[in-house]
Q: 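My questions all concern the structure below.
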Amino acid sequence: MTNRDIIRAFKLTASLLELHAANPFKIRSYQNAALNLERLEQPLLGMTPDEVAGLEGIGKGMAERIARLEETESFPELDELLTQTPPGVVKMLSLKGLGPKKVRTLWQSLKVESEQALLEACENDQVAALKGFGKKTQESIRESILFSMRNAGKLHLSAAEALAEQVRQLLLDTGAVQRVEIAGQTRRKLEIVDQLELLAAIEQPSVLWKALENHVMLAKDESASGPFVWRGHLTEADVPVAILTCRPEEFAGEWLLLSSADAHLQWAAASGHALVSVARNGAFASEEAIYQEAALPAFPPELREGMLEAQVLEQGEVPRLLEMADLKGILHNHSTYSDGKHTLEEMARYCQELGYQYLGISDHSKTAAYAGGLQEFRVQQQHEEIDRLNKTLAPFKILKGIESDILGDGSLDYADDVLASFDFVVASVHSNLGMDQAHATDRLLRAIENPYTTMLGHPTGRLLLRREGYPLDFRRIIDACAEHNVIIEINANPWRLDLDWRWVPYALEKGVLISINPDAHEKAGYADMYYGVCMGRKGGLTADKTFNAWPLDKVETWLQKRRSKA
DNA sequence: GCCGTTTTCGGCCCGACTGTTTTCAGTCG
């Protein structure tokens with residue numbers, strides 16, 4: 001059990017207690033324990049019972065529950081609550097717009113015990129008739145359920161890569177295959193993956209199938225499988241898996257085909273290149289050799305989406321896409337000044353250790369009270385600490401930033417003189433996420449027009465597989481960023497990956513700079529930049545158009561010039 | 001249930017917003 005698992009168990013317990021109308025302060029204590037554990041750096045596993053009980057928000061009782069969680073992955077109160085609650089009702093708790101109180105009403109009054117039953121109740125107008133509910137609430141619940149059903153069994157790229165690698169390892173461990181590689185959506189680095197695909201080079205597939213029988217991780221679907229293909233799902237994650245096989249000499253061709261969107265192959269055919277038949281009918285050492293034979297530039301898997309191919313062909317070669325090694329600094333990060341886990345100094349030193357030249361710290365602004373957003377005097381304190389640290393860390397540098405909330409009317413939540421005290425301002429929406437396209441677009445446009453806005457943070461507010469972002473007129477947003485010289489971030493958190501990569505080409509066309517920002521709330525969060533780089537590559541992003549791939553002096557000059565205009 | 005004490009019980013993180021109300025509960029970040 002990791003800290004995260006324990007936090008999840010406490011949050012679930014709090015929700016279930018609320019669902020069962022328990023003492024509100026008992027509920028609060030679970031929430032409070034979870035909240036405090038979120039701020040904890042060191043793993044609970046391995047701490048002594050006394051140390052655990054000494055933590056903020058953790059008393060004797062919570063310490064015992066943590067011990068039970070580590071032993072049995074649960075504890076009696078949670079077990080009891082779960083037996084009293086139908087699984088479908090527990091699932092309802094994670095629907096957007098539904099909290100424990102509303103779920104309780106639905107469960108008690110309408111006797112609905114599954115998402116399906118709730119959906120039917122919405123469609124029969126039963127929900128709107130309940131006290132405290134209405135037409136709008138009913139419609140938003142209906143949409144939430146449909147969203148949840150659409151996304152069942154899908155994975156974030158981060159999870160897909162980890163699981164696909166596990167499957168790859170277990171196939172290698174059988175000793176039956178010569179080579180196994182990840183293919184499909186995972187290899188193309190799509191932000192959401194609905195099937196894991198792997199390709200194995202093997203002369204006798206039946207040997208492999210034999211080795212996979214009764215494997216704990218894989219459940220075979222006999223009717224969908226065949227002599228050369230294994231189909232089924234992961235036992236734990238309920239994700240579809242396809243293991244395809246080919247003869248070793250066919251590997252490059254099959255891998256290419258399996259790692260391309262249909263639109264890519266169709267584009268090749270439509271533009272008069274026999275890519276598919278070349279790949280199918282010949283032994284090649286590599287995918288590059290196949291592209292060459294088909295008289296095409298060697299498209300990396302990220303670009304095989306049927307989107308940028310024509311542009312690449314016109315230019316005659318694939319641009320050198322952004323790589324992790326190109327990044328020189330890390331912007332948009334949080335520290336313990338707001339809701340981060342590590343101190344400013346820890347964040348800075350770790351960033352320096354990783355070999356970066358600069359760190360942009362941008363804690364939450366004062367409106368984000370839930371996240372400990374910075375009042376003006378805290379901004380001042382942080383700037384003084386940054387000045388001190390910069391003296392000892394030089395030539396490494398901490399840039400003074402803020403993640404300023406974009407309020408409902410599009411204004412930022414500090415006075416101009418405070419905004420002027422930062423090296424850079426990331427403007428982001430965190431509240432009032434349900435606006436329609438016209439209002440949401442106007443709101444962002446106003447924030448972009450603010451002369452102190454350096455960078456637009458996670459433009460749509462989406463959480464992949466969890467909630468849709470608000471709708472935006474992206475052309476107008478990107479046009480405005482071009483006009484006002486505002487950078488757009490690709491928020492690299494695998495749950496966000498926002499700006500969507502499909503809009504990167506238009507941003508590049510308009511000359512808008514992109515920044516790959518991890519939105520790190522702890523040191524380990526820097527690693528997420530990898531996913532941001534994946535998204536940038538899918539959109540054809542290169543190092544020269546990536547703000548944080550610029551060296552410190554160039555970044556500082558750019559920021560200073562921009563601020564002097566403000 | 002936890003905490004901080006005025007050691008034996010009272011107080012507990014917060015502001016905005018939405019949709020429902022007709023003054024506010026529930027949800028969210």
Side-chain angles (χ1 to χ4, degrees), chain A residues 9-11 13-39 52-66 68 75-78 81 92-106 127-144 334 338-340 363-375 403-411 413 428-436 439-440 443 457-458 460-463 466-470 491 493 495-496 519 521:
Chain A
F10 282 173
K11 283 185 175 171
T13 308
S15 293
L16 290 171
L17 283 170
E18 203 169 351
L19 182 69
H20 289 276
N23 179 338
F25 295 111
K26 191 171 176 177
I27 297 165
R28 177 80 48 83
S29 75
Y30 279 98
Q31 290 169 335
N32 195 36
L35 196 68
N36 281 294
L37 291 179
E38 276 176 346
R39 302 228 168 108
V52 175
L55 295 169
E56 183 98 357
I58 308 291
K60 205 161 154 258
M62 290 294 173
E64 275 169 26
R65 289 181 187 90
I66 290 171
R68 285 298 287 268
F75 55 89
E77 290 90 337
L78 178 54
L81 285 163
M92 284 179 209
L93 289 168
S94 53
L95 290 172
K96 183 171 74 86
L98 280 188
K101 297 258 173 66
K102 282 213 162 83
V103 172
R104 178 179 166 82
T105 306
L106 292 165
V127 173
L130 290 173
K131 187 174 163 57
F133 292 73
K135 281 271 178 202
K136 283 192 176 176
T137 306
Q138 175 172 275
E139 183 52 24
S140 94
I141 292 172
R142 200 181 76 89
E143 280 174 10
S144 276
H334 299 264
S338 63
D339 59 348
D363 273 304
H364 286 286
S365 60
K366 64 179 177 183
T367 307
Y370 62 91
L374 271 54
Q375 297 293 331
E403 183 178 18
S404 185
D405 263 39
I406 301 174
L407 304 180
D409 64 357
S411 60
D413 62 341
S428 309
V429 167
H430 288 109
S431 58
N432 197 354
L433 302 165
M435 283 189 183
D436 61 37
H439 287 99
R443 179 192 201 181
H458 45 68
T460 74
R462 74 181 184 186
L463 289 178
R466 172 73 60 78
R467 70 164 186 239
E468 216 100 48
Y470 35 82
N491 189 296
N493 185 308
W495 285 75
R496 293 191 183 271
D519 200 353
H521 285 69

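Values below: all heavy atoms of this structure, side chains included; hydrogens, waters and symmetry mates excluded.
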Q: For A:L433 and B:dG15, give me the distance from atom CG to atom P, rounded to whole Å.
A: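 Whole-Å distance recorded here is 19 Å.
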
Q: From NZ of A:K131 over to P of B:dG19, roughly how many Å is that when rounded to an integer?
A: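 After rounding, the reported distance stands at 18 Å.
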
Q: Any sub-3.5 Å donor-acceptor pair from A:T13's side-chain atoms to A:L78's backbone N or O?
A: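 No, A:T13 side chain to A:L78 backbone: no donor-acceptor pair under 3.5 Å.
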
Q: Reckon A:P24 touches a base, only the sugar-phosphate, or nothing at all at heavy-atom distances under 4.0 Å?
A: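 Counting heavy atoms under 4.0 Å across all strands, no contact is made by A:P24.
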
Q: Rounding to an integer number of Å, can you tell me how far A:L407 CG sits from B:dA16 P?
A: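 In whole Å, B:dA16 P lies 9 Å from A:L407 CG.
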
Q: Taking B:dC17 as the reference, what is the distance to B:dC13 when you measure between their P atoms (whole Å, please)?
A: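 About 23 Å, rounded to a whole number of Å.
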
Q: Hey, does A:L17 reach any base, or is it just sugar-phosphate, or nothing, if we go heavy atoms under 4.0 Å?
A: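 No contact at all - A:L17 keeps every heavy atom at 4.0 Å or more from the nucleic acid.
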
Q: With a 4.0 Å cutoff (strictly under), does any side-chain N or O of A:S29 reach OP1 or OP2 of B:dC12?
A: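 Answer is no, no contact under 4.0 Å.
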
Q: Nearest to the side chain of A:R65, which nucleotide is it out of B:dT20, B:dG1, B:dA16?
A: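 The answer is B:dG1.
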
Q: State whether A:K11 and A:E38 are salt-bridged, where the test is any N-O pair (Lys NZ or Arg NE/NH1/NH2 against Asp/Glu carboxylate O) under 4.0 Å.
A: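 Salt bridge: yes.
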
Q: B:dT18 phosphate, OP1 or OP2: any side-chain N/O from A:N432 under 4.0 angstrom?
A: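 So the side chain of A:N432 is within the cut-off, an N or O lying under 4.0 Å from OP1 or OP2 of B:dT18.
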
Q: Between B:dT8 and B:dC2, how far is it from one C1' atom to the other, in whole Å?
A: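 Pairwise C1' distance, B:dT8 against B:dC2, rounds to 14 Å.
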
Q: Rounded to the Å, how far apart are A:E139 CD and B:dT18 C1'?
A: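 It is 16 Å, rounded to the nearest whole Å.
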
Q: What's the gap between B:dG11 and B:dT6 when it is taken at their P atoms, as a whole Å value?
A: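 15 Å, rounded to whole Å.
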
Q: Describe the nucleic acid contact of A:I58 in one word from base, sugar-phosphate, nothing, applying a heavy-atom distance below 4.0 Å.
A: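 Since only primed, P, OP1 and OP2 atoms lie under 4.0 Å of A:I58, the category is sugar-phosphate.
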
Q: Considering only atom P, compute the distance from B:dT20 to B:dT27 and round it to an integer number of Å.
A: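 Taking atom P in both B:dT20 and B:dT27, they lie 13 Å apart.
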
Q: Give A:S431 one of three labels, base, sugar-phosphate or nothing, depending on what nucleic acid heavy atoms sit under 4.0 Å from its own.
A: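 Here A:S431 touches no strand at all.
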
Q: Under the rule syn = chi within 90° of 0, otherwise anti, which is B:dT7?
A: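 Chi for B:dT7 falls in the syn range.
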
Q: Between A:F10 and A:Y30, what is the ring plane arrangement, given parallel below 30°, perpendicular above 60°, and tilted in between?
A: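 Rings of A:F10 and A:Y30: perpendicular, as their planes differ by over 60°.
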
Q: Name the residue closer to the 5' end of DNA chain B, choosing between A:R496 and A:L55 according to the nucleotide with the nearest heavy atom.
A: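 The answer here is A:L55.
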
Q: Does this structure show an ion pair linking A:E468 with A:R462, if we count only N-O contacts that are shorter than 4.0 Å?
A: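 Looking at A:E468 and A:R462, the cut-off is not met.
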
Q: Under a 3.5 Å cut-off for both contacts, is B:dT8 paired Watson-Crick or G-U wobble with anything, and if yes, with which nucleotide?
A: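 Its partner is none (no Watson-Crick or G-U wobble pair with both distances under 3.5 Å).
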
Q: For B:dG19 versus B:dT23, give the span between their C1' atoms, rounded off to a whole number of Å.
A: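 To the nearest whole Å, 13 Å.
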
Q: Using a strict 4.0 Å threshold on nitrogen-to-oxygen distance, state whether A:E139 and A:K136 make a salt bridge.
A: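 So A:E139 does not pair with A:K136 through a salt bridge.
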
Q: From the set B:dT20, B:dC13, B:dC2, return the single nucleotide nearest to any side-chain atom of A:R28.
A: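 For A:R28, the side-chain atoms sit closest to B:dC13.
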
Q: Taking the C1' atom in each of B:dT18 and B:dT7, what is the distance between them to the nearest angstrom?
A: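 To the nearest whole Å, 45 Å.
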
Q: Below the 4.0 Å mark, does B:dA25 have OP1 or OP2 next to a side-chain nitrogen or oxygen of A:K101?
A: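 False: A:K101 side-chain N/O out of range (4.0 Å or more) of B:dA25 OP1/OP2.
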
Q: Can you tell me how far the NZ atom of A:K101 sits from the CG atom of A:L106, to the nearest 0.5 Å?
A: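 Rounded to the nearest 0.5 Å, the NZ-CG separation comes to 14.0 Å.
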
Q: Under 4.0 Å, heavy atoms only, any strand: does A:L98 hit a base, just the sugar-phosphate, or nothing?
A: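 Since only primed, P, OP1 and OP2 atoms lie under 4.0 Å of A:L98, the category is sugar-phosphate.
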
Q: Taking the six-membered ring for Trp, does A:F25 stack with B:dC12 (centroid gap under 5.5 Å, planes within less than 30°)?
A: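 The ring of A:F25 is stacked on B:dC12.
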
Q: Quick one: A:L35 CG to B:dC14 C1', roughly how many Å, whole number?
A: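 Computing the A:L35:CG to B:dC14:C1' distance gives 11 Å.
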
Q: Which part of the nucleic acid does A:Y30 contact within heavy-atom distance under 4.0 Å: base, sugar-phosphate only, or nothing?
A: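 A:Y30: no heavy atom of the nucleic acid under 4.0 Å.
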
Q: Both A:M435 and A:H430 contact DNA chain B. Taking the nearest nucleotide for each, which residue is further toward the 5' end?
A: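 The answer here is A:M435.
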
Q: Parallel, tilted or perpendicular: which describes the rings of A:H521 and A:H334, with under 30° parallel and over 60° perpendicular?
A: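 If you compare the ring of A:H521 with that of A:H334, the planes turn out parallel.
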
Q: A:E18 CD to B:dC28 P: how many Å, rounded?
A: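 The answer, rounded to whole Å, is 11 Å.
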
Q: Whole Å only: how far is the CG atom of A:L130 from the P atom of B:dT20?
A: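 Going from A:L130 (CG) to B:dT20 (P), I get 11 Å.
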
Q: Considering just the side-chain nitrogens and oxygens of A:K102, establish if one lies under 4.0 Å of OP1 or OP2 belonging to B:dG26.
A: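 Answer no for this pair, as no side-chain N or O of A:K102 is under 4.0 Å from OP1 or OP2.
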
Q: With rounding to whole Å, what would you report as the distance between B:dT22 and B:dA16 at their P atoms?
A: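 Approximately 25 Å lies between the P atom of B:dT22 and that of B:dA16.
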
Q: Return the value, rounded to whole Å, for the distance between atom NE2 of A:H364 and atom C1' of B:dA16.
A: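 Spelled out: NE2 on A:H364 to C1' on B:dA16 is 16 Å.
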
Q: Between B:dT5 and B:dC9, how many Å separate the two C1' atoms, rounded to a whole number?
A: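 10 Å, rounded to whole Å.
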
